[in-house]
Number of protein chains: 2
Amino acid sequence: MRWRELGEEECSVARTVSVIGDRWTLLVLRECFLRTRRFEAFQERLGITRPVLADRLQKLVEAGVLERIPYQERPVRHEYRLTQRGLDLHPVMMAIVHWGDVHMAKDGHRPVLHRHRACGHQFDPVMVCSECAAPLQARDVTVEPGGRRGDAR
Amino acid sequence: MRWRELGEEECSVARTVSVIGDRWTLLVLRECFLRTRRFEAFQERLGITRPVLADRLQKLVEAGVLERIPYQERPVRHEYRLTQRGLDLHPVMMAIVHWGDVHMAKDGHRPVLHRHRACGHQFDPVMVCSECAAPLQARDVTVEPGGRRGDAR
DNA sequence: TCCGTTGAGTTTCTTTTCTGAACTGACTTT
DNA sequence: AAAGTCAGTTCAGAAAAGAAACTCAACGGA
């Protein structure tokens, strides 16, 4: 299987991975969620090489995750911003951060904490069932052949 | 920055990415959650090349995400199973699948559907705040310098 | 006993991708 | 006029991935 074919796979993981399943891409997205928007800023904050950064930003734009918007004329300069599609990756990032906090933190020290503006508290992200609101456990989830969401089954 | 250094970064995203931030690794994990356990099965289902599969499985074992357990003697054969640490990646996988379902599905057709054993319903995964149980929006989350979870701030 | 098969990898060689460092181009500032 | 800023591009060498064949230990049958 080549990477070009991945997006064609009949699997949502494969399709998503074809967009974000790359080390640098995930770190670029982290920066996006931290409000980084400009080429130089990404480069400096990540230490990524310029050619790879240019490539990843372009791919994210093609995938509709980022948009390239001019922020000045003379010379025209662009910045990269998350689209709604990109913002929808927030749960993925939160899940990744949380796993890192729990399993990779050095002696319980978390690099960053999250605060929920809506309630004002420091919080952890929790994945719950849309139907019963209970936290999901891997063992409680079964997989069935696909269809349209909402189809009676 | 080299990949070896990534795990040392003071960032939970970087540390997590150093473990799972690889295209094949994420697909291997998808298979693990679908109960695939043996080398040949991974290879066949994913179409991954053998050297890369051997490498990824070994790295996941080193990272404590999978364990290599003998399932027969003479000849000794091993299978790979998710550890608790690996099971804890479930929210990451669910978030990835869900994004793919919403944004990469071809005309609304989802490759698989999920059912929650606890409540019996088909569901979508939702990321909520551990404190107020409201669904999280990217814009409602602010980031603060780290500390130990629970520290008063 | 020899023969073919299975499972889990290795080896080898080629192709692709990444890194590092320098270079370009359009402007602005001093 | 020289130097600086931002957003890239170019290019050579290094690292990683892909394809295909090979290894090894043991089993199952004829």
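Few gaps surround CD on B:Glu10; more than 12 heavy atoms of other groups in view lie less than 6.0 Å from it.
The interatomic distance linking A:Gln43 (CD) with C:dA22 (P) rounds to 14 Å, in whole Å. Distance CG (B:Leu46) to C1' (D:dG18): 15 Å, rounded to an integer number of Å. In this structure, CZ of A:Arg50 is placed 12 Å from C1' of C:dG20, rounded to the nearest angstrom. Atom CZ in B:Arg23 sits roughly 10 Å away from atom P in D:dA17 (whole-Å rounding). Here the C1' atom of nucleotide D:dT9 and the CD atom of A:Gln58 are 12 Å apart, to the nearest Å. Computed from coordinates, the A:Arg77 CZ to D:dG8 P distance equals 9 Å when rounded to whole Å. B:Ile48 places its CD1 atom 13 Å from the P atom of C:dG9, with the value rounded to the nearest Å. A:Gln72 has its CD atom 8 Å from the C1' atom of D:dC6, to the nearest Å.
Rounding to the nearest 0.5 angstrom, the gap separating the CZ atom in A:Arg15 from the CD1 atom in A:Ile20 is 14.5 Å. For the atom pair A:His116 NE2 and A:Asp124 CG, the distance stands at 13.0 Å (nearest 0.5 Å).
Heavy-atom nearest nucleotides on DNA chain C were determined for A:Pro75 and for A:Asp22, and the one closer to the 5' end corresponds to A:Asp22. Comparing A:Pro51 and A:Glu79 along DNA chain D, the residue whose closest nucleotide (by nearest heavy atom) sits nearer the 5' end is A:Glu79. Looking at which nucleotide of DNA chain C each of B:Leu57 and A:Glu73 is closest to, the 5′-most match is held by B:Leu57.
For D:dG8, one of the phosphate oxygens OP1 or OP2 lies less than 4.0 angstrom from a side-chain nitrogen or oxygen of A:Arg68. Listed pair B:Trp24 / D:dA16 fails the phosphate criterion, with no side-chain N or O lying under 4.0 Å from OP1 or OP2. The side chain of A:Arg56 places an N or O atom within less than 4.0 Å of a non-bridging phosphate oxygen (OP1 or OP2) of C:dC18. For the OP1/OP2 pair of C:dG7 and a distance below 4.0 Å, the side-chain nitrogens and oxygens of B:Tyr80 include no atom meeting the criterion.
Among the protein residues, B:Tyr71 comes within range of the sugar-phosphate backbone only, with heavy atoms under 4.0 Å from sugar or phosphate atoms but none that close to a base.
B:Tyr71 has its ring centre no less than 6.0 Å from the ring centre of B:His78.
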Show your reasoning for whether side-chain hydrogen bond (donor to acceptor under 3.5 Å, both in side chains) applies to B:Tyr80 and B:Arg37.
-> CA-CA 5 Å; B:Tyr80 296 88; B:Arg37 304 199 213 285; over 6 Å; no
